[in-house]
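Everything below concerns the one structure shown next.
Sequence lines set the chain letters: A, B, ... in the order given, protein chains first and strands last, and positions in each chain run from 1. Treat the numbers as computed from the prediction; the structure is a model and nothing was measured. These numbers come from the heavy atoms of this one structure, side chains and all, not from hydrogens, waters or symmetry mates.
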2 protein chains.
Amino acid sequence: MQLPSIEVIGYIAAFCTTSSFLPQAILTIRTKDTKSLSLSMYSLFTIGVSLWLIYGIYKEDLALIWANSITLILSGIILSFKITNMVKSFLEKSRLKK
Amino acid sequence: MQLPSIEVIGYIAAFCTTSSFLPQAILTIRTKDTKSLSLSMYSLFTIGVSLWLIYGIYKEDLALIWANSITLILSGIILSFKITNMVKSFLEKSRLKK
């Protein structure tokens with residue numbers, strides 16, 4: 001039996017970790033509810049994924065590039081919802097205080 | 001100004017994505033409460049991280065090895081708690097049915 005090439009293992013790894021992030025992403029994109037998500041955690045994660053993407057591009061590593069591009073799009077959307085909701089909530093509070 | 005070497009970027013990426021996973025891991029390890037965690041999502045994630053680790057070892061990529069070793073330990077602990085809790089709950093239910 002021939003073992004799968006290491007590139008195939010990289011793509012399966014990319015598929016698994018990206019897919020495991022999908023349900024949260026779909027839920028947040030659909031509901032736009034970000035109350036139970038942590039801003040610091042998602043910021044750190046999004047920065048980390050961006051750096052992995054730069055690392056993958058530099059190393060010309062396609063599995064890393066694919067995995068982190070898709071995850072970056074998803075976590076970027078979630079993070080932008082989180083920030084938009086926080087700004088909205090802040091503006092609402094200042095409006096009520098007047 | 002000299003740009004940081006790509007290896008340093010890899011280590012910062014590893015630090016960011018691993019740290020962003022820590023609060024969930026610490027919370028679950030401390031409370032052992034896994035009710036709100038999805039078995040399929042954590043299984044997929046743990047398989048993915050294991051494959052990234054194999055990929056990193058094969059590519060002799062230290063940033064990938066470090067990031068995925070630590071994350072694998074954490075997600076492995078969470079997954080084992082989830083499975084233990086499910087087995088316990090199943091046994092409890094069958095005991096009550098008797």
Could you go through the side chain to side chain contact (heavy atoms under 4.5 Å, CB included) check for A:Thr34 and A:Met86 one step at a time? CA-CA 9 Å; A:Thr34 56; A:Met86 284 176 71; over 6 Å; no
Report yes or no: do B:Tyr42 and B:Ile26 belong to one cluster of Ile/Leu/Val/Met/Phe/Trp/Tyr joined by side chain heavy-atom distances under 4.5 Å?
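Hydrophobic grouping puts B:Tyr42 with B:Ile26.
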Flag yes if A:Leu37 and A:Leu39 sit in one hydrophobic cluster, no otherwise; membership is Ile, Leu, Val, Met, Phe, Trp, Tyr, and two members link when side-chain heavy atoms are under 4.5 Å apart.
->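 Yes; tracing contacts between hydrophobic side chains, which count when under 4.5 Å, links both residues.
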* Positions in residues 74-85 of chain B that reach chain A, provided some heavy atom is under 4.5 Å away ->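 Not one residue of residues 74-85 of chain B has a heavy atom under 4.5 Å from chain A.
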Please determine, among A:Ser38, A:Pro23, A:Ser20, A:Ser43, the option with the most heavy-atom pairs under 4.5 Å with chain B.
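Result: the option with the highest number of such pairs is A:Ser20.
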Looking at every non-hydrogen atom in both residues, tell me the closest pair between A:Ile29 and A:Lys32 and how far apart they are.
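Nearest pair, atom of A:Ile29 first, then A:Lys32: O-CG, 3.9 Å.
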(request) Calculate, to the nearest 0.5 Å, the distance between atoms CG and NZ belonging to A:Leu91 and A:Lys88 respectively. (result)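 Nearest 0.5 Å value for the CG-NZ distance: 10.0 Å.
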At under 4.5 Å between heavy atoms, what parts of residues 8-19 of chain A are in contact with chain B? List them by residue number.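 Only A:Ile9, A:Gly10, A:Ile12, A:Ala13, A:Ala14, A:Cys16, A:Thr17, A:Ser19 of residues 8-19 of chain A have a heavy atom under 4.5 Å from chain B.
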Original post:
Considering heavy atoms only, which positions within residues 44-68 of chain A lie below 4.5 Å of chain B?
Top reply: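 Interface residues of residues 44-68 of chain A: A:Leu44, A:Phe45, A:Ile47, A:Gly48, A:Val49, A:Leu51, A:Trp52, A:Ile54, A:Tyr55, A:Tyr58, A:Lys59, A:Asp61, A:Ala63, A:Leu64, A:Ala67.
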B:Arg30: which residues meet the salt bridge (Lys or Arg N to Asp or Glu O under 4.0 Å) condition with it, sequence neighbours left out?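 So B:Arg30 forms no salt bridge (Lys or Arg N to Asp or Glu O under 4.0 Å) with any residue.
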